[in-house]
Q: 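I have a structure here, written as structure tokens, and I will follow up with some questions on it.
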Protein chains: 2
Amino acid sequence: MREVTTAQTPTRNRGSRRTEILDAAARLFAARGFHGVSIEDIGTAVGTSGPALYRHFSGKEALLAEMLLDISERLHASAAARVTAAPDAEQALDALLNGQIEFALGHPALITVHDRELGNVPEPARRQIRRLQRLYVEEWVTVLSELYPGCPPARLRAATHAVFGLLNSTPHSAGELPPEAMAPLMRAMARAALAEAGN
Amino acid sequence: MREVTTAQTPTRNRGSRRTEILDAAARLFAARGFHGVSIEDIGTAVGTSGPALYRHFSGKEALLAEMLLDISERLHASAAARVTAAPDAEQALDALLNGQIEFALGHPALITVHDRELGNVPEPARRQIRRLQRLYVEEWVTVLSELYPGCPPARLRAATHAVFGLLNSTPHSAGELPPEAMAPLMRAMARAALAEAGN
DNA sequence: CGGTGACGTTAATGATGACTAACATCCTCG
DNA sequence: CGAGGATGTTAGTCATCATTAACGTCACCG
């Protein structure tokens, strides 16, 4: 009858299971796609079997929704913080680039899921995710507009999407270069591409 | 009892149905993913119902395999032809860029499927597709190596993948700019990014 | 101790979906 | 005309899967 047993495995950090599930699901979704992964697969990946997941999420789509919402929020929040902290547009762009590159290299599965599986998110959450994505893009466009006035926003928006494509491709071309070499390369390429787009 | 009726709908160009099916399937796969599309969906899209497809393809995976194989072949063949026709490396790179941009803007669904669904192709064909993709990349790396000697091939390979990510993102960011504006923008951005990667 | 809540487990249940079977059409060629 | 082949159709069949039900376990709190 001691409360000595405070460590071990019990008294799990609350929510640790949820995030463990989200992580495993992200990896699986990234590798095989939402419909290519079964609830049972996810359960197995976290050491429980199948329906145990319903203790943590109301369903497969809800799980995906929470995953994408979390990603969008992190990206947007980080971008907003970095931009407001930067002294000028030049450094704001650097900060945005660094943030996106860190995220893409640090969480390849999340990036992959983020730009492939929006279509499988049910409607209440879908709109919210889209909204955050839009805000994130506008963060970039605003900075770029300041850096390249005279360049039409539509062009800058297209350029931004293209740069996302460039940076987010790193999860797929994994292994070509070590991350220490990859990050500066991506930064340099993205910067050059944006400078060219700005004219 | 005339054979006057040579036109109309009968006497279909042989194979027209097959390619019609492949087109429809590509659009559906691009939009919802391989596992998100049913045989019935594809049938409906071409005006027949479900199992009629088995008259043309041995199964869903075989259909995907043929689709990806065809894309890889077209990309590789076009690249090889353009490179050998080009007088120098500079123009070879231009030709490669133009080819990829034309393809990405002209067949957005094919590009999307091409870099998402390889994992669902069964093994005999998978290897073949990978081989063609590798050859395609090497076509780029070879040209870039000539243009930027001294730059390690691994870096050029990574840069090539990144540029594919940039160019292939156009299907997703559709609508930002008209294609006439999009193509030159992508060309300029890709060129700048590659020049930067080459040092 | 008794109970409550968090977390799992193993059987349904009910859809959906790939693929096959059995059965037309109809065009073409002999 | 009549056989053959190409192309469809509709009703199975059999898996797989998401979700739910019914039933433990166990830690903790009163």
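Protein chains get the first letters and strands the later ones, always in sequence-line order, with residue 1 at the start of each. Scope of the values below: all heavy atoms of this structure, side chains included, with no hydrogens, waters or symmetry mates.
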Q: Using the 3.5 Å cut-off, write out each protein N or O paired with an N or O of nucleotides 9-12 of chain D and the distance between them.
A:
residue : atom : partner : partner atom : Å
D/dT9   : OP2  : B/Ser49 : N            : 3.0
D/dT9   : OP2  : B/Ser49 : O            : 3.4

Q: When you measure from the side chain of A/Asn98 to the backbone of A/Ala95, do you find a donor-acceptor pair of N or O atoms at a distance under 3.5 Å?
A: no
Q: Given atom OH of A/Tyr54 and atom P of D/dC17, what is their separation to the nearest angstrom?
A: 12 Å
Q: For the pair B/Glu123 and B/Arg127, find out whether any cationic side-chain nitrogen is under 4.0 Å from an anionic carboxylate oxygen.
A: yes
Q: Near DNA chain D, under 4.0 Å by heavy atom, which residues of residues 22-41 of chain A?
A: A/Val37, A/Ser38, A/Ile39
Q: Can you tell me if B/Gln100 and B/Tyr136 form a side-chain donor-acceptor pair at under 3.5 Å?
A: yes
Q: Roughly, in whole Å, what's the span from CZ in A/Phe57 to C1' in D/dT20?
A: 19 Å
Q: State, without any angle test, whether B/Asp94 and B/Gln91 hold a side-chain donor-acceptor pair at a distance under 3.5 Å.
A: no
Q: Is it true that B/Glu66 and B/Arg18 make a salt bridge, defined as a side-chain N closer than 4.0 Å to a carboxylate O?
A: yes
Q: Starting from P on C/dG17, measure out to CD on B/Glu61 and report it in whole angstrom.
A: 16 Å
Q: Rounded to whole angstrom units, what separation is found between the NZ atom of B/Lys60 and the P atom of C/dA18?
A: 4 Å
Q: Please check this pair: side chain of A/Arg32 against backbone of A/Val37, looking for a donor-acceptor N/O pair closer than 3.5 Å.
A: no
Q: For A/Ser173, check side chain to side chain contact (heavy atoms under 4.5 Å, CB included) against everything at least two apart and list the hits.
A: A/Glu176, A/Met182, B/His161
Q: Decide whether A/Arg116 and A/Thr112 meet the rule of one side-chain donor and one side-chain acceptor closer than 3.5 Å.
A: no
